[in-house]
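First listed ligand is number 1; within each ligand, the first listed atom is number 1. None of these values were measured; they are calculated from a predicted model.
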Amino acid sequence: MQPSYCLNLAVYGNVVSLMSSLQSILIRQARIILPSGEAMVGDVLTSDRHIVEVAPEIATTTPAIEIDAQGLTLLPGVIDPQVHFREPGLEHKEDLFTASCACAKGGVTSFLEMPNTRPLTTNQETLDDKLQRASNKCLVNYGFFIGATAENLPDLLTVSPTPGIKIFMGSMHGQLLIDQEALLESIFAQGRRLIAVHAEDQARILQRRQEFAGIHDPAIHSQIQDNQAALLATQLALKLSKKYQRRLHILHMSTAEEAELLRQDKPSWVTAEVTPQHLMLNTSAYETIGTLAQMNPPLRSPHDNEVLWQALRDGVIDFIATDHAPHTLEEKAQEYPNTPSGMPGVETSLAVMLTAAMAGKCTVAQVVNWMSKAVAEAYGIPNKGVIAPGYDADLVLVDLNTYRPVRREELLTKCRWSPFEGWNLTGWAVTTIVGGQIVYDKGQLNTQVRGQALSFV
Ligand code: DOR
């Protein structure tokens, strides 16, 4: 059974009856962001799971659900390439159903999820278990990383389907921590698949934890896990990637120093991402939201915000991920350092970024590239990330004319809080379509829709 609080959103009644046979959807007179980045006012027709036509005006005799999209902007659905959805094992924080409801509401139509669940996702059996769970309960499309341990090199070479290998170089305990260079090197040296690193230097973190022991102000978190800790790990990952010409992705890059390093020296096989919170929040957030601002890698200074923005605009950083990492308010209410690190994000990421675009930080077309197209390209996800005939009908209609605050009581993530609570945002999803089916429409979810497993080529 699904949790009742999601159902009390009122299921989108008209659509449920259409589930057995996929109908065409005709979206009329939207401002469509085209693959070139240009905007065109026009129509989009879907059939079965795909986009079949994009044109200034489509005349069709096919029976279709018509959506009057005048005044709205149509974007490819967001692909969030770094989330922690907690199932199996930590479902008191989140599960694949609640998380995917939050995705649908946020305009996120696909996600790539991380292996630090219980059990850890470290072999074919645990990967298959997640895929099975997701096929039963996920409203959006899904893919799952495999986590590296000291023992599972053979699994890292063979498991499938996966977007890549996740390595925690720091900020993790237990089996997923790989903080010895020799072990890291053995992973980089074998195989070809993408390696995604959480780049923080564990030795430096441990040493600084001792130096700052006894301090309970959560702001100390950004000093313990400082810019240097991030830089050291990114330098090491880059060195190994260059030695073996190994496809490397740097997860949630957080510092000016790392951005400058990549600006100087970024091989063509290396990509990097940044989170909305590392762009929009900084250490001043500890004063207002305390431990809710605690995440790994930590929030940095306003200077880091600006350098990261510039690196993103210049293509030094390739795309956006939320690192959606929900913890309960009870867990976050403990005293630092007993509080867990992480914050939710899938429900607010698109609106946060589009609000930044409307404020002049970037263009809407850049947001589309960073949240859809560039992600599909980097992970080799076929048929996704742009609005064009033949591509999958994963779409989101957003309203860029009205502003609404982030309200805790409206959130669908099981943890039910957001670091952006109270922020007045525009670009909220009005309608989200996954595989040619309306999964979210004006505040209502169709919880019957199921996403599909992503493939990676
Ligand atoms: O703050 C974080 N929390 N960063 C991560 O990379 C992991 C995450 C979690 O799983 O809670």
Counting both backbone and side chain atoms, is some N or O of H198 under 3.5 Å from an N or O of ligand 1?
yes
Which ligand 1 atoms, with their elements, are less than 4.0 angstrom from a heavy-atom of M295?
1 (O)
Would K384 and D392 pass as an ion pair if we require N to O under 4.0 Å?
yes
Specify the protein heavy atom at minimum distance from atom 8 (C) of ligand 1: its residue, its atom name, and the distance to 0.1 Å.
A325 CB, 3.6 Å
Going by side chain to side chain contact (heavy atoms under 4.5 Å, CB included), C103 matches just one of V439, T413, V108. Which one?
V108
Could R133 and D95 be called an ion pair, given the rule that one side-chain N must be under 4.0 Å from one carboxylate O?
no
Mark up the atoms of ligand 1 that fall under 4.0 Å of a heavy atom belonging to N116, in ascending order.
9 (C), 10 (O)
Protein heavy-atom partner closest to atom 3 (N) of ligand 1 - residue, atom, separation in Å
S341 O, 2.9 Å
Do any heavy atoms of R86 fall under 4.0 Å from ligand 1?
yes
Would you say H327 and ligand 1 have an N/O pair spaced under 3.5 Å apart?
yes
So does E181 pair up with K239, basic N to acidic O under 4.0 Å?
yes
Only one of Q175, R86, H198 passes side chain to side chain contact (heavy atoms under 4.5 Å, CB included) with N116; say which it is.
R86
Protein heavy atom at shortest distance from atom 4 (N) of ligand 1:
N296 O, 2.8 Å
Would K361 and E306 count as a salt bridge (Lys or Arg N to Asp or Glu O under 4.0 Å) if you check the C-alpha gap in whole Å, the side-chain angles of each, and the deciding distance to 0.1 Å?
CA-CA 10 Å; K361 281 287 201 187; E306 285 317 310; 3.1 Å; yes
Can you find a non-hydrogen atom of H252 under 4.0 Å from ligand 1?
yes
D399/R404 ion pair, N-O < 4.0 Å:
no
